[in-house]
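Here it is, the structure in full.
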Amino acid sequence: EDSDILVYSAATGVAFPVIYKLDKDTGLCDVVSMDWLLSASSSSKSSDGTAKPKPLGERKVDRLASVRRYLPTYMYGAQDGDKKSSSAKTSSSSTKKKGKGGNGSGTDGPMLSALRSMVNLEERKPGAGRRAFVQSCVLAGCDYAPSLVAGVGTVGAFKQVKENRNREESIRFRRILMPFRGKIQPYADEENAEEKSDDGVDGNDGEDGPNESQSSVNTQQSKSRKDQEMENLNVYESLLAKSEAVFYYHCVLNVSDGTNVNLTEPQETTPVEDDNASTAAKR
């Protein structure tokens with residue numbers, strides 16, 4: 001199955017088994033569920049909505065035990081979280097021995113540490129841990145938004161969201177991107193570019209003078225480096241926010257009556273004032 005299904009599971013708050021790597025000959029497969037995160041909110045509240053204290057024995061249960069076995073070795077101890085080299089694996093071994101980065105477990109690398117922080121966040125504020133997971137996946141790169149930050153891969157994205165977990169959710173992407181604004185690649189909308197090409201927008205119509213494409217290049221070159229960096233940041237932030245919204249509000253078929261509905265009910269939120277706020281879409 002597509003890994004995006006896990007993100008939809010987190011967005012809807014519904015845990016279900018997802019089958020991966022099915023062997024048609026033997027019937028063996030991997031089964032992954034988001035229950036490790038989604039069950040955190042249900043177990044943290046009593047029937048009256050108040051915080052429920054955990055029994056002493058339950059505190060020792062590792063919710064990530066079902067996830068740990070699926071993570072590649074390099075995700076356990078690589079310091080930058082994005083290198084799959086042998087040096088990362090060596091770092092993994094030394095990290096486990098020294099017991100760093102695991103909230104006392106002695107085995108958590110940057111990825112597991114990020115996932116554990118989401119569990120803790122979900123326990124404190126139901127829905128917040130789930131959204132942190134969704135935003136991490138979007139930032140890492142998905143079908144709706146490619147990863148455009150140089151040097152930040154899957155583990156790096158989760159690490160950045162973890163470090164900004166206490167930020168207001170609607171401006172979290174911007175807070176994460178600001179330190180990387182010089183490393184954000186320009187977003188190339190290939191679909192719109194193809195449409196313009198088909199319509200002859202970018203072609204020379206035979207008249208004298210530069211065509212629109214050349215004019216665009218000249219305009220971009222005339223911009224200051226700082227202006228270009230901020231433009232790349234604003235465009236990418238908007239793309240990330242819109243991509244996140246797709247996972248929550250994807251239009252689906254209601255099989256009971258044949259109507260089209262949103263995957264989850266749209267929510268009204270109060271815009272958060274930010275000194276560097278852009279016109280990015282905010283959930």
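Bear in mind the structure is a predicted one, so any value in this text is a computation, not a measurement. Residues take their numbers from the sequence shown, with the count starting at 1.
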Review point. Closest heavy-atom contact between Ala145 and Leu240?
Key: CB-CD2, 4.3 Å
Practice item. Quick one: pull up OG in Ser41 and CZ in Arg130 and give me the separation to the nearest 0.5 Å. Key: 6.5 Å
Practice item. Starting from the C-alpha separation in whole Å, work towards a yes-or-no answer on side-chain contact (heavy atoms from CB on, under 4.5 Å) for Tyr248 and Thr12. Key: CA-CA 7 Å; Tyr248 281 94; Thr12 58; over 6 Å; no
Review point. Mind checking whether Ser243 and Asp143 have side chains closer than 4.5 Å, heavy atoms only?
Key: no
Point to revise | Check: Asn262 and His250 side chains under 4.5 Å, non-hydrogen atoms | key: no
Study note, to complete from the structure: Rounding to 0.5 Å, atoms CE (Met34) and CD1 (Ile5) come to a distance of 12.5 Å
Review point. Sub-3.5 Å donor-acceptor pair from the side chain of Ser238 to the main-chain atoms of Asn234, do we have one?
Key: no
Check your understanding: Could you give the distance from CG (Leu139) to CG (Leu148), rounded to the nearest 0.5 Å?
Key -> 10.0 Å
Exercise for review: Answer yes or no: is there a side-chain heavy-atom contact under 4.5 Å between Phe173 and Val138?
Suggested key: yes
Exercise for review: Under the side-chain contact (heavy atoms from CB on, under 4.5 Å) rule, collect the residues that match up with Ala140, sequence neighbours excluded.
Suggested key: Thr154, Ala157
Exercise for review: Flag the pair Val119 / Phe133 as yes when at least one side-chain heavy-atom distance between them is below 4.5 Å, and no otherwise.
Suggested key: no
Review point. Looking at CG of Leu263 and SG of Cys251, how far apart are the two atoms once the value is rounded to the nearest 0.5 Å?
Key: 10.0 Å
**Study point:** With sequence neighbours excluded, residues passing side-chain hydrogen bond (donor to acceptor under 3.5 Å, both in side chains) with Gln160
**Key:** none
Review point. With side chains defined as the heavy atoms from C-beta onward, is the minimum distance between Ser9 and Phe16 less than 4.5 Å?
Key: yes
Check your understanding: Between Glu122, Glu168, Glu169, which is the residue that forms a salt bridge (Lys or Arg N to Asp or Glu O under 4.0 Å) with Arg131?
Key -> Glu169
Check your understanding: For Asn232, which of Met230, Gln228, Glu229 qualifies under side chain to side chain contact (heavy atoms under 4.5 Å, CB included)?
Key -> Gln228
Practice item. State, with a plain yes or no, whether a side-chain heavy atom of Arg174 is found less than 4.5 Å away from one of Arg167. Key: no
Review point. So do the side chains of Ser117 and Lys162 get within less than 4.5 Å of each other, counting heavy atoms only?
Key: yes
Exercise for review: Check the hydrophobic clustering (I, L, V, M, F, W, Y; side-chain heavy atoms under 4.5 Å; chains of links allowed) and say if Leu177 and Val161 are grouped together.
Suggested key: yes
Point to revise | side-chain contact (heavy atoms from CB on, under 4.5 Å) evaluation trace for Val18 with Leu6 | key: CA-CA 8 Å; Val18 181; Leu6 295 176; 4.0 Å; yes
Exercise for review: Could you verify whether a donor N or O on one side chain and an acceptor N or O on the other, from Arg165 and Asn120, lie under 3.5 Å apart?
Suggested key: no
**Study point:** Electrostatic pair Glu237:Lys242 at N-O distance under 4.0 angstrom
**Key:** no
Practice item. Please identify each residue that fulfils side-chain hydrogen bond (donor to acceptor under 3.5 Å, both in side chains) with Thr26, with sequence neighbours left out. Key: none
**Study point:** Rounded distance [0.5 Å steps], CE in Met178 versus CD1 in Ile184
**Key:** 9.0 Å
Check your understanding: Does the separation of the ring centres of Tyr187 and Tyr236 fall below 6.0 angstrom?
Key -> no
Revision key, fill the gap. When rounded to the nearest 0.5 Å, the distance separating OG of Ser113 from CZ of Phe158 is 12.5 Å
